[in-house]
Each structure stands twice: as C-alpha cells, then as structure tokens.
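Take a look at the structure set out below.
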2 protein chains.
Amino acid sequence: MREGPDIARIASLVGDPARANMLNALMGGTALTASELALEAGVSLPTASSHLSKLMEGGLLTLASQGRHRYYGLASAQVAGMIEAIIGVAEAVGPKRVRPGPRDAAMRVARVCYDHLAGEQAVAMLDRLFDRKLLLREHNEIRLSSAGASHFSALGIEIQAKARRPLCRACLDWSVRRSHLAGTLGAAILDKIITEKWARREKDSRAVVFSPGGKREFERVFLA
Amino acid sequence: MREGPDIARIASLVGDPARANMLNALMGGTALTASELALEAGVSLPTASSHLSKLMEGGLLTLASQGRHRYYGLASAQVAGMIEAIIGVAEAVGPKRVRPGPRDAAMRVARVCYDHLAGEQAVAMLDRLFDRKLLLREHNEIRLSSAGASHFSALGIEIQAKARRPLCRACLDWSVRRSHLAGTLGAAILDKIITEKWARREKDSRAVVFSPGGKREFERVFLA
DNA sequence: CGCATGGTTCGATCCTCATCGAAGCATTCC
DNA sequence: GGAATGCTTCGATGAGGATCGAACCATGCG
C-alpha cells in the first residue's frame with residue numbers, strides 16, 4: 001500500500017461520463033462556459049457546476065472570468081496529452097466502431113488537438129518541415145532553424161517564445177501513432193489555417209475540414 | 001452527447017484506488033498473481049478478484065495461466081504509456097510531496113517502466129546511443145544501425161525482431177520529460193543490467209538501484 | 001433601481017459499486 | 001483418493017457520489 005502520486009484521484013475525475021464529455025469537448029482548445037459544457041455533457045446546470053468545481057480542485061482545469069461569463073479550459077498541454085493517451089487506449093480496446101465511420105475518417109485526416117493541428121495532415125507536415133530543415137531535431141526536442149524562422153515570419157506567422165511554453169513540441173497522435181507539431185508554433189500554424197479560411201472547424205467536433213482551395217494552399221505552403 | 005471512444009469507461013477502471021494500486025504494481029513489468037495483487041492493493045482476495053475481472057474485461061490486462069497460478073500483466077505498452085501519462089499529471093497537480101523524498105529520488109535516477117529502464121540514467125543512455133550512432137532517428141521512429149547491431153551482439157544482448165513488437169521505441173519519461181528507450185531492445189538491456197547484477201530491483205518498488213561497481217560497468221558500456 | 005441572465009449552493013433522492021464472509025471450483029501434492 | 005492451496009462466485013451490506021429542483025448570489029442592461 002505505497003503512497004506516491006494519487007493516480008486514482010486523477011483517473012476517477014476523468015472516469016465519470018459527464019466529466020469525460022466535458023474534457024473531451026475542451027480538447028478542442030477553446031474555453032467554454034459552464035452552460036455550454038452542461039449541454040455538451042447532457043446534464044443539468046447544477047450538476048455541471050458541481051463537476052466543474054471538482055475538476056478545478058483536481059487541477060485539471062483553469063478558469064478565466066470575464067464579466068458574468070466564466071470560461072473553463074484545460075489546465076495544461078500535459079493534461080491534454082493524458083487525455084489523448086486515454087483516448088488512445090479506449091480506441092484500441094473498444095470494439096465500439098466495427099468500421100470507422102465517415103466522421104471518424106475526417107478526424108483521422110485532420111483535427112484539433114488542444115490548440116494545434118493533429119491527424120494525418122499534421123503528421124505529414126511535421127515530417128516535411130524536418131526534411132526541409134525548417135525544424136531540427138535536437139535530442140528529443142525540436143528546434144526552429146534560422147531558415148525556419150525566416151520562412152514562418154514570411155508567412156506572417158508570429159513567433160515569440162513565451163516564458164513557460166516551449167516553441168515547438170512533439171505530440172503523439174493516437175490515430176497515426178506518430179508525432180505531430182505542438183507548442184506555440186503548432187498553435188500559430190493552426191491559427192493561420194483557420195484565419196486564412198483554408199479549413200473550418202466541424203461543428204460540435206474536433207474535426208477540421210479543408211476546402212479544396214485551402215487544401216491546395218496548405219499543401220503548397222507546408223507539404224511542398 | 002457524442003459517441004466516440006469510451007474514455008470514461010477506461011478512466012474509471014483506473015479511477016478506483018484498489019485497481020490503481022494494482023496497475024501501479026504491474027508497471028514493474030513482472031506479471032503477478034491475484035493474491036500478490038490483493039496484498040499490493042490492500043484488499044481481500046475476493047475483492048481483488050472482482051477488480052481483476054473488470055480490468056480484464058476492459059482490456060487493460062492479459063492473463064497467463066500456469067497450472068494453478070494465474071499471472072496478470074499489463075495488456076500492452078500502450079496501456080503502460082497511458083498510466084505513465086496519468087502519473088505525470090498526478091505528479092504535477094499533486095501537492096503531495098513538499099520535497100521529493102529519498103525513495104522518490106531513487107525513482108528519478110532509475111526505475112523500471114513496464115519492461116525497460118526509465119529515469120535519468122535511461123534518458124542519458126538513449127542520448128549517448130544516438131551520439132555514438134548505434135541508434136538512428138528516422139522520422140519519429142528509432143532504428144538500429146549496423147554498428148549498433150554488432151555492438152549489442154558483442155555485449156551478448158540478443159536482438160530479434162518479434163512479429164508484433166517494435167525493436168526500438170521511444171517512451172516518454174514523466175520525471176525527466178524526455179524520451180528513453182523502450183521496445184524489445186530496451187527490454188533486453190534491462191535484462192542484461194539485472195542478470196549481470198549491475199543493479200537490483202528495490203523490493204516493493206519500481207526503483208532500480210545500481211551497485212557502485214555495476215554503475216561503473218553500466219556507464220562504461222552505455223554512457224562512454 | 002428592478003429585471004433578466006449566468007452561475008453556484010443546498011437538500012433530498014437514488015443507485016451504483018466496493019467490500020468482505022462463506023461457499024464453490026480447479027489444480028497440485030502426498 | 002484426500003487434503004491443501006489458489007482463485008472465483010455468490011449474497012448481503014454499506015457508503016460514496018451523481019443527479020436534479022429550488023433557492024440563492026452576481027453581473028449587466030434598461
């Protein structure tokens with residue numbers, strides 16, 4: 001009966017269906033209000049509020065108050081990574097989907113992971129950025145080369161190393177089992193994709209759908 | 001109220017203290033019997049048995065019957081990775097340890113992760129193997145170079161690619177936040193360390209303690 | 001100010017599930 | 001075969017916690 005970190009406490013927070021739905025919704029990266037999360041989880045507002053305070057107390061969420069709105073978001077990329085890991089196991093053992101449906105197919109191609117792009121497109125992009133030496137592997141970290149710095153700034157992607165958050169990070173993809181790009185740069189790239197309207201977020205889903213023209217542009221810029 | 005993989009189901013399996021203790025114990029990599037796990041979790045044998053069947057049904061465990069003994073083990077490295085991720089979050093948010101105690105310090109230096117070595121020593125080893133070009137990074141995978149193949153076989157470390165399991169794999173370390181070596185080769189190296197008596201497994205813990213002479217040998221062979 | 005809206009707290013209800021003792025199977029040893 | 005060991009199933013008990021309605025704060029708007 002050793003001590004150690006209280007893993008059961010963390011896991012049981014994710015282990016309730018209502019809370020799991022909320023966390024899943026927050027994996028989209030945008031912070032949501034209590035009522036939106038209540039709707040998402042399919043519970044009443046009081047119930048949702050109770051769950052949210054538990055998640056807060058457990059350190060899994062952050063809260064940003066803006067006037068009478070209170071926006072809940074995932075506490076950290078580490079928490080997001082944990083949830084992806086759990087999703088990965090659930091996918092693997094779950095005999096749920098006999099065949100992957102169309103929505104799942106879209107998710108495999110491209111989806112939002114916390115605040116950056118994930119899925120086949122994202123994995124291909126990271127590979128290509130390495131090939132073109134815009135990013136460099138260093139031990140197990142990823143570094144931006146000087147060529148990469150000028151390349152991204154030419155694209156109008158702001159690059160500024162925040163204090164706490166690494167610029168580039170590798171994030172493991174549950175669908176492809178390969179890494180894609182996270183960190184500030186990964187977030188900035190997703191931002192560009194959305195603001196340029198190359199792709200749009202699927203309603204009520206993490207899926208990201210490229211328009212035909214947007215796909216061409218994306219491939220020209222990142223997969224060339 | 002979307003469908004998707006049943007993440008709550010998986011998380012709730014880990015969310016019970018008794019089950020979490022069992023899984024934690026199994027992170028040591030050796031399969032254990034129901035009575036050992038009952039002792040580990042601090043519950044009676046019937047209770048443990050009930051938990052074990054739930055974990056089996058959830059696909060988190062594998063069972064190997066040998067005579068009247070039934071050995072339970074983690075189902076896959078993916079499950080082990082998920083548990084490491086949860087441990088990582090629990091470490092991060094848990095204000096448990098004010099200061100890391102001595103046992104925790106030993107865990108940080110070297111410990112067993114499923115079936116291979118983790119901790120600072122393991123991270124340093126992987127770095128060095130890359131530097132010496134015994135292992136090569138390829139995209140996000142790790143490949144054994146021909147120099148590496150002869151090097152390991154000279155050490156008497158058997159290298160044979162099993163069908164299902166990759167030879168080399170990167171596994172993220174929760175204490176160091178860097179990768180260490182998993183896969184068949186990682187397991188073989190841990191095996192060598194133990195059989196050569198360079199280090200011993202701490203009783204009732206995942207910690208691995210090197211003897212003074214063993215540490216020298218390990219450093220000569222893997223960190224030179 | 002008063003009213004509407006977003007959110008939390010309180011209280012009561014209900015149900016799942018963790019727990020253990022006792023009994024039942026299976027395997028091995030003598 | 002019989003006894004012992006390892007483990008599972010059954011049944012009863014009990015506690016934690018998920019849920020919602022109603023009441024209660026807080027903010028913003030007219």
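Letters A, B, ... mirror the listed sequences (proteins, then strands); counts begin at 1. Just the heavy atoms: all of them, side chains too, but no hydrogens, waters or symmetry mates, feed the values below.
Distance B:L61 CG to D:dT8 P: 12 Å, rounded to the nearest Å. Put simply, OH on A:Y71 is 13 Å from P on C:dT8, counting in whole angstrom units. Protein atom CE of A:M22 is 12 Å distant from nucleotide atom P of C:dG7, rounded to whole Å. A straight line from OH of A:Y72 to P of C:dG7 spans 8 Å, rounded to a whole angstrom. Here the C1' atom of nucleotide D:dC7 and the CG atom of B:L37 are 12 Å apart, to the nearest Å. Put simply, CZ on B:R9 is 16 Å from P on C:dT16, counting in whole angstrom units.
Residues forming a side chain to side chain donor-acceptor pair (under 3.5 Å) with A:E36 (at least two apart in sequence, or on another chain): A:T33. Qualifying side chain to side chain donor-acceptor pair (under 3.5 Å) partners for B:S53, counting only residues two or more places apart in sequence or in other chains: none. For A:S211, the side chain to side chain donor-acceptor pair (under 3.5 Å) criterion is met by no residue, not counting sequence neighbours. With sequence neighbours left out, A:A199 forms a side chain to side chain contact (heavy atoms under 4.5 Å, CB included) with A:I193, A:V208, A:F210. Residues passing the side chain to side chain contact (heavy atoms under 4.5 Å, CB included) test with A:L190 are A:V112, A:L117, A:I194, sequence neighbours excluded. For B:T62, there are no side chain to side chain donor-acceptor pair (under 3.5 Å) partners at least two apart in sequence or on another chain.
Residues in residues 182-195 of chain A take part in these salt bridge (charged side-chain N to carboxylate O under 4.0 Å, His left out) pairs, two or more places apart or across chains: A:K192-A:E196.
Comparing D:dC20, D:dT8, C:dT8 against the side chain of B:L45 picks out D:dT8 as the nearest. Taking the side chain of A:P46 as heavy atoms from C-beta on, and the options C:dT9, C:dT19, C:dA22, the nearest nucleotide is C:dT9.
The residue A:S35 sits close only to the backbone: its heavy atoms come under 4.0 Å of sugar-phosphate atoms, none of a base.
Counting only distance, with no hydrogens or angles, the side chain of A:R19 and the backbone of A:H51 share no donor-acceptor pair below 3.5 Å. Between the B:S76 side chain and the B:V79 main chain, a donor and an acceptor come within less than 3.5 Å of each other.
OP1 or OP2 of C:dC20 lies within a sub-4.0 Å distance of a side-chain N or O belonging to B:S44. Contact between the side-chain N/O atoms of B:R70 and the OP1/OP2 oxygens of D:dT8 is found at a separation under 4.0 Å.
Listed by residue number, the members of residues 49-57 of chain A with any heavy atom below 4.0 angstrom from DNA chain D are A:H51, A:K54. Of all the residues in residues 11-19 of chain B, not one reaches under 4.0 Å from DNA chain D with any non-hydrogen atom.
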